[in-house]
Amino acid sequence: MVLDNKKIKSFNEASGIYSYYANKKNILNEYGEYEEDISDISIANGISPAYTDSTNESLVANELYSNVDKIKFDSRIGYYKSLYIGHVVEGDYRKNASSGGIGTWIFKELFEKGLIDGVIHVKEDKSDNGKLFSYQISRSIDEIKDGAKTKYYPVELSEVLKIVKETPGKYAVIGIPSFIYGLRLLAKKDSLVGEKIKYMIGLVCGHQKSSAFADFMGWQLGFKPGDITYINFRKKLEGRKSSDYGIEVHGYIDGKYEEKISPTSELLGQDWGQGWFKVFASDYTDDVFNETADMVLGDAWLPEYTNDSGGNNIVIVRNPVIENLITDARNENRLKLDAVDADKIFMSQSAHYRHTHEELVYRLYKRDKEGVNRPQKRVNASKNIPFTRRKIQDMREFISISSHVYFKEAVEKGDINYFINKMLPLERKYKNYYRLEKLKKIKISKIKSKILKFFTK
Ligand SMILES: Cc1cc2nc3c(=O)[nH]c(=O)nc-3n(C[C@H](O)[C@H](O)[C@H](O)COP(=O)(O)OP(=O)(O)OC[C@H]3O[C@@H](n4cnc5c(N)ncnc54)[C@H](O)[C@@H]3O)c2cc1C
């Protein structure tokens with residue numbers, strides 16, 4: 001297996017912002033990941049997060065929000081005016097959404113109030129280009145509603161940005177942290193885009209997946225790669241926890257149209273910690289709470305909320321206009337939102353924060369040891385994380401890189417079991433490190449309690 005594959009180990013998230021600015025193509029490569037032809041590093045520096053070392057998310061967020069009236073700051077989640085957990089009450093926004101539905105509702109609200117003319121978001125791609133989803137522009141409430149739901153699928157911005165530039169109007173956009181930060185960088189260079197995109201809504205993002213993730217989910221249900229026509233990665237399953245969601249796939253099995261639903265807990269490759277099909281670049285952002293976005297949405301992965309299969313959002317508000325829309329809607333009972341503190345928001349993403357922010361130091365240390373030219377981050381390279389955590393980090397990297405390589409080989413062989421048989425031993429090894437970690441904790445706490453007993457006698 002070629003683990004040193006440069007395509008798989010690219011630090012560039014290939015959002016398409018460079019491709020738009022430099023008038024280049026952003027292609028979906030043979031691993032199902034976007035790949036930009038960065039031939040001019042001097043252009044990429046200042047536009048692509050992976051190539052920009054002159055600024056960072058903290059400095060850009062400072063410029064945007066430090067002067068906002070009554071703004072607060074938390075070192076983990078960044079600036080915020082208010083923090084909430086909850087969902088949409090009005091209409092069918094929550095029912096049709098992945099989580100609490102605020103990701104679609106906020107665009108409806110901005111549109112209805114005349115604050116925007118269009119929404120740049122991710123929708124089913126009905127053209128004949130082999131892609132299941134892409135960034136598109138919605139210009140009516142129905143079109144906005146049609147874009148609901150989380151797509152764990154590669155997307156890019158170069159095509160829609162060209163349309164935004166050519167078409168008059170005010171827009172709102174939604175994106176993962178590196179995309180929103182990239183757009184903030186672009187706005188400094190391209191005033192036309194900067195002036196037109198009025199609101200940037202951010203998603204929390206564990207990591208991005210290659211298109212092989214959708215293919216593998218479908219294949220486990222009987223749909224061969226290329227035979228999927230529709231996939232819902234976040235099918236709410238009534239009576240189950242919101243975190244115990246399902247997947248729905250439509251397409252062709254042996255030439256016959258079929259529709260299938262399965263709980264994700266019964267499928268391989270759904271443990272987000274392991275990172276099957278994770279895009280390498282996702283491991284090189286340190287921005288968990290989309291620090292340069294006007295509003296941030298994620299899942300309320302907290303026991304007091306996950307019991308409700310309907311789903312709830314965590315909400316971070318930084319922009320005063322959005323804050324007013326939310327306050328009005330709460331007063332009119334169109335939204336059910338509990339006001340919460342920074343610790344609560346942080347707790348809902350604590351595992352994500354540990355991987356993405358705290359343990360990034362070790363991934364940077366490894367790259368430095370290899371002598372690789374890697375992006376500058378807000379944390380410094382270090383190997384000082386516990387032994388088992390280093391091993392878990394090593395395994396996560398090995399699993400995600402292996403998944404890209406072995407899945408491509410499995411598709412070439414037409415054999416899903418080839419892939420599964422390669423991946424399962426890696427999963428077992430990964431789980432063993434978790435067992436070791438648990439054991440270490442038990443041992444340490446037993447020793448601690450013995451010492452305590454000794455001294456309190
Ligand atoms: C790749 C990815 C990883 C995520 N990881 C986490 C995580 O680790 N923890 C967490 O709490 N939340 C995560 N989220 C966010 C979460 O899944 C929900 O999208 C969020 O809570 C909003 O839910 P909603 O019900 O309010 O949105 P909905 O009303 O369902 O609307 C979703 C909106 O997001 C847009 N959208 C969908 N997919 C994408 C995409 N790939 N890129 C940009 N926009 C998109 C849609 O077009 C729509 O406008 C992730 C989202 C994505 C796309």
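Along the sequence shown, residues carry numbers from 1. Both ligands and their constituent atoms are indexed starting at 1 by order of listing. Just so we're clear, the structure is a prediction, and the values are computed from it rather than from any experiment.
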Q: Any nitrogen or oxygen of Val155, main chain or side chain, under 3.5 Å from a nitrogen or oxygen of ligand 1?
A: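 Between Val155 and ligand 1, no N or O pair is found under 3.5 Å apart.
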Q: Output yes when the distance from some N or O of ligand 1 to some N or O of Lys151 is under 3.5 Å, and no in every other case.
A: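 Yes, at least one N or O pair falls under 3.5 Å.
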Q: For atom 8 (O) of ligand 1, which candidate among Ser138, Gly147, Gly206 holds the nearest heavy atom?
A: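 Minimum heavy-atom distance to atom 8 (O) of ligand 1 goes to Gly206.
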Q: Answer yes when Glu291 and Arg378 have at least one side-chain N-carboxylate O distance shorter than 4.0 Å, and no when they do not.
A: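 Answer for the salt bridge query: yes.
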Q: Going by distance only, is there an N or O of Ala148 that falls short of 3.5 Å from an N or O of ligand 1?
A: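 It does not: no N or O of Ala148 is found under 3.5 Å from an N or O of ligand 1.
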Q: At a 4.0 Å cut-off, with the gap strictly under it, does some heavy atom of Tyr135 reach an atom of ligand 1?
A: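 It does, in that a heavy atom of Tyr135 comes within the 4.0 Å cut-off of ligand 1.
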Q: Compute the shortest N/O to N/O distance between Arg234 and ligand 1 and return yes if it is under 3.5 Å, no if not.
A: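 Yes, at least one N or O pair falls under 3.5 Å.
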Q: Before signing off on this row, confirm whether Phe107 and ligand 1 have an N or O atom pair separated by under 3.5 Å.
A: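 No; the residue has no nitrogen or oxygen that sits under 3.5 Å from a nitrogen or oxygen of the ligand.
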Q: Could you tell me whether His207 approaches ligand 1 through its side chain, its backbone, both or neither, with non-hydrogen atoms closer than 4.0 Å?
A: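 Contact part for His207 vs ligand 1: backbone (N, CA, C, O).
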Q: Just one of Trp272, Phe216, Phe277 clears the ring-ring contact (aromatic ring centres under 6.0 Å, His included) bar with Tyr152, so which one?
A: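 It is Trp272, the one option of Trp272, Phe216, Phe277 that forms the ring-ring contact (aromatic ring centres under 6.0 Å, His included) with Tyr152.
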Q: Kindly confirm or rule out an N or O of Thr150 lying under 3.5 angstrom from an N or O of ligand 1.
A: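 So ligand 1 has an N or O lying under 3.5 Å from an N or O of Thr150.
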Q: Would you say ligand 1 has an N or O under 3.5 Å from any N or O of Ile102?
A: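 Yes; at least one N/O pair falls below 3.5 Å.
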Q: May I ask you to check whether Tyr230 and Tyr153 place their ring centres under 6.0 Å from each other?
A: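 So the answer is no for these two rings.
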Q: Quick one: does Ser98 get an N or O within less than 3.5 Å of an N or O on ligand 1?
A: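 For ligand 1, there is an N or O atom that lies under 3.5 Å from one belonging to Ser98.
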Q: Would you indicate which of Asn313, Val122, Ile120 comes nearest to atom 39 (C) of ligand 1 when only heavy atoms are counted?
A: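 Result: the heavy atom closest to atom 39 (C) of ligand 1 is in Val122.
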Q: Regarding ligand 1, does Leu203 bring an N or O atom to under 3.5 Å of one of the ligand's N or O atoms?
A: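 So ligand 1 has no N or O lying under 3.5 Å from an N or O of Leu203.
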Q: So that I know where these two stand, are Tyr434 and Tyr430 an aromatic pair - ring centroids less than 6.0 Å apart?
A: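 Yes - the distance between ring centres of Tyr434 and Tyr430 falls below the 6.0 Å cut-off.
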Q: Would one find an N or O of Tyr93, backbone or side chain, under 3.5 Å from an N or O of ligand 1?
A: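 No, no N or O pair falls under 3.5 Å.
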Q: Can you tell if the side chain of Thr104 reaches within under 4.5 Å of the side chain of Tyr93, non-hydrogen atoms only?
A: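 Sidechains of Tyr93 and Thr104: in contact.
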Q: Who pairs with His352 by ring pair (Phe, Tyr, Trp, His ring centres under 6.0 Å), at least two apart in sequence or on another chain?
A: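 None.
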